[in-house]
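Written out below as structure tokens is the structure these notes cover.
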Amino acid sequence: MSDAKLLGEADPSVLVASGQVEAPIDVDPAETSEWLGSLDYVAKSKGAERVRYLVKALENRARRDGVEIPIETTTPYVNSIPASKQPAYPGNRELERRIKSIIRWNAMAMVVRANKKNKGQGGHISTFASSATLYEVAFNHFFRGRGESGYQGDLVYFQGHASPGMYSRAFVEGRLPIDKLENFRRELQPEGGLSSYPHPWLMPSFWEYPTVSMGLGPIMAIYQARFNEYLNDRSLKDTRGRKVWAFLGDGECDEPETLGAITLASREKLDNLIFVVNCNLQRLDGPVRGNGKIIQELEAVFRGAGWNVIKVIWGSDWDALLERDESGLLAQRMTEVVDGQYQKYVGMTGSYIREHFFGKYPELLKLVENYSDEKLEKLNRGGHDPEKVFAAYKAAVEHKGQPTVILAKTIKGYGLGEAGEGRNIAHNQKEMNEKELLEFRSRFGIPISDDQVSNAPFYKPPESSMEIKYLKDKRAALGGSLPSRPTSHPHTETPSLEDYRKFMGIQLDGKSISTTQGFVRLLGRLVKDPKIGSHIVPIVPDESRTFGMEGMFKEIGIYAHAGQLYEPIDSGSISYYKEAKDGQILEEGITECGSMSSFVAAGTAYSAHGINMIPFYIYYSMFGFQRVGDSIWAAADMRAKGFLIGGTAGRTTLNGEGLQHQDGHSHLNAMAFPTVRAYDPAWAYETVVIVLDGMRRLYQEQETAIYYITVHNEDYEMPAMPEGVEDGIIKGIYKFTSVEAPGSKARVQLFGSGAILQHVIEAAKILADKYNVSSDVWSVTSYTQLRRDAQGVERWNMLHPDQPPKMSYIQNALKGVTGPIISASDNVRAVGEQLMPYLSQDYYVLGCDGMGRSETRAALRRHFEVDAPSVVIAALYRLSKSGVISGKDVAQAIGDLGYDPEKQNPLFA
Ligand SMILES: Cc1ncc(C[n+]2csc(CCOP(=O)(O)OP(=O)(O)O)c2C)c(N)n1
Ligand SMILES: [Mg+2]
């Protein structure tokens, strides 16, 4: 056996990469035994603390003498909690096993039945099959429900693909009727159905956290746990004792979002957070780490990040073997075998396991000489052993000062046998033949007869049964069932526009500022508002100074659970970097995905905690919808409410930063998000109106929406708000001004948005002064809102052809106006073109299609053809189409305005 390459099965470089370190070879066992004997003596006589001290002292001495000692981030491939430290199991193991088997059966039946009825309906059997014990132990002993208030208990992020298991439990608990289970993935059926995955949008009284876009669940859970601390530290809600659990897959850990924020959790000492990683060693296509060990790799990553790591690898069947493993050879063998090989052992005979696993070393063969092949085949994994899982959860919930990750080893498709247990194809398994169903039924002891089994009928024990009584008692004792989401909304009185008139008069009207500054002044006022001030949550990813928000640092402080442990370098300045335990600003550092997760936590505080928190997430608009669009989609699914503020917006207005910063398409992205109401205001008062109206709708009227408002960083004079424009601002358009040309020969309608409205106003003057054309100038605050309204009206008219047609807001606004319409904005043309089908007038749109670049604003606006002369040319051109002006006159104007007709098309420039 003492082959020099004792650990020879895996390539050493792979072992290092996966956090495994090769064991050195013992060249002097007698000497080793002497040292170990001394250590044993100290351990016995003086305890663990002394042992730690001595080992550290030895290590330090060796390092001083130049001995390189590798830093090990992993422990041997055995359970973190040895059998000797395992607490007694408090539940009825037999009853719990029966309940779990029933839940397993119904979860499987739901998918099999759905696919029998409609081939290809989809669904997942194998994920829950592997994680059933992980969930059931938590349901019976740990997860706390919402309690009497409806807003207590734990916050649980269920792994998306395990949804059938959660539905199945809810069915057995009597929370979901059988009709719903029959309609798994058939959500448009009259009786209603069940959504494929956790979607609060589709099942608002059931699901709380959408997790199926992998990676987003874990990062949202981290920020949720931190937000709970924020609420507590700011004395807004007592969240102590509420745990956040995130269940995820081992394959899911390859998503950058999954692990990307784990250091935040340890830095903030989030001991209210528990990750449970179901390490079934497989993802969709095959092994997660065929040539390595995912559990060891994750242990190293989480340990390095400062987490408490609990490995649950081996079931109780292995305890006796490990106890007799005097030489440590079994632990060594467990460590050296790679995951691809472990996957192979699943479903292999006991004799194969004896030969290939234990057979590597004669000592190990001897260890199992009294074990039958059948017994070897049944040696279970830790994640399927309730006692091991219970021990891990108990340690996790009691752990202080660190978040905990539980790495539980399981088998994908556990119990499916031939139908996919541990097979590479397991993930996509959704059908089972009669033989497989029979085996499954018998293995888990479900009382369904042989002739019934092929239909995979649902099974629920009678209400009077021990199983149902036990399961209900357990949940009642833990505060009720979950998942569960309240559908009523708390009510918050919000300020009115009247309350803000004075503020607008003093701080905005007539000031030469940008809409960004206008917004920041508004935010400064809002955080002091007596009605809602303390509920505002400003969130920034290291961009406060970009937006001129640093003045708020001192005023309301940056949230830091630890307070401020240093004297800030700028402590003398009025806007010094003030961190405080009750700080209000969430300064997230450079992480849009993290900031978005905070937005989600704050924006759903109404359903998670029963209080309205009002998030304002302010960021570079370019790094929003296109960068974290999936997180925004999750926010919409979660029915989050709040305000996204896309700062430094406008492809030509953010001029110096160049191509990767200049956003002209976030409004294009935003239009596809049904709950997002997107605005591109030109004037500071428009922002005030949108925000105040939005707050009223969200927190007073209980609407569900996310407001997206782009703000620009160009200074210009902000006019006072004209009379009677509030409704137009909110609906998306209002007439800002008209310019009459003396002896006018024609009239045009000019639409402008954001910073480009100034150029539209200038164009109106040029048209009047030089070309005798009068115009009406409109501020379009939201093409998307106008389009949605018009589309709804059009649809109604189509479906009610025999009734008088309705008019859309835009049609009404433009009733009686004459002349072609020219639209210009700092966005791609498609944003303005949304209105094309709904306008009877001639409509022509200018915009910023193409890559941005660094230049002056003037040069960029000419380049993209949205400056005043561009608007004038477009207006004259459209007038020429109706014969009011000749083509020759337009050509003349192009020359007069210093325009190069052969200039490059900006789209490809
Ligand atoms: C962002 C994202 N990419 C891809 C998928 C498709 N997908 C669903 S499950 C899955 C494999 C999951 O493997 P793992 O995380 O190990 O979970 P398991 O089912 O094994 O517990 C994949 C690729 C997804 N849901 N989300
Ligand atoms: Mg997996």
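Note that ligands are numbered from 1 as they come in the structure, with each ligand's atoms numbered from 1 the same way.
The closest non-hydrogen atom to atom 18 (P) of ligand 1, taken over K412, E257, R283, comes from K412. With M214, E252, E255 as candidates, the residue nearest to atom 26 (N) of ligand 1 on a non-hydrogen basis is M214. In this structure, of G251, G160, A129, the residue bringing a heavy atom nearest to atom 14 (P) of ligand 1 is G251.
Put simply, the side chain of Q343 gets close to the backbone of G422: a donor and an acceptor are under 3.5 Å apart. With hydrogens and angles disregarded, a donor-acceptor distance shorter than 3.5 Å links the side chain of E252 to the backbone of G215.
Under a cut-off of 6.0 angstrom, the local environment of CZ in R627 is sparse, with at most 12 non-hydrogen atoms contributed by other residues, nucleotides or ligands.
A cation-pi arrangement is not found for K474 relative to F139, the charged atom failing to lie both closer than 6.0 Å to the ring centre and inside a 45° cone about the ring normal. Remark: R169 fails to qualify as a cation-pi partner of Y135 under the 6.0 Å distance and 45° angle criteria applied to the six-membered ring.
Taking 2.8 Å as the threshold, D250 counts as a candidate ligand of the Mg ion (ligand 2), since one of its N, O or S atoms lies below it. Under 2.8 Å from the Mg ion (ligand 2) lies no N/O/S atom of S130, from backbone or side chain alike. For the Mg ion (ligand 2), the N/O/S atoms of T127 include none lying under 2.8 Å.
The two residues E187 and L194 come nearest to each other via the heavy atoms CG-O, 3.7 Å.
Ligand 1 lies nowhere less than 4.0 angstrom from a heavy atom belonging to H124.
Atom 8 (C) of ligand 1 has its closest protein heavy atom at H161 NE2, 2.9 Å. Closest to atom 25 (N) of ligand 1, if we only count protein heavy atoms, is V212 O, 2.9 Å. Among all non-hydrogen protein atoms, the one lying nearest atom 21 (O) of ligand 1 is Q159 NE2, 2.9 Å.
The ligand atoms of ligand 1 that sit less than 4.0 angstrom from a heavy atom of N280 are 18 (P), 20 (O), 21 (O). Near T127, meaning under 4.0 Å from any of its heavy atoms, are these atoms of ligand 1: 18 (P), 19 (O), 21 (O).
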Applying salt bridge (charged side-chain N to carboxylate O under 4.0 Å, His left out), run through K117 and E182 and close with a yes or a no.
CA-CA 10 Å; K117 279 185 264 177; E182 291 285 12; 3.0 Å; yes
Given ring pair (Phe, Tyr, Trp, His ring centres under 6.0 Å), test W105 with F444 step by step and report yes or no.
CA-CA 8 Å; W105 173 267; F444 294 110; 9.1 Å; no
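Under 4.0 angstrom from ligand 1, the non-hydrogen atoms of L284 come from both its backbone and its side chain.
Taking a cutoff of 4.0 Å between a charged side-chain nitrogen and a carboxylate oxygen, R289 and D254 qualify as a salt bridge.
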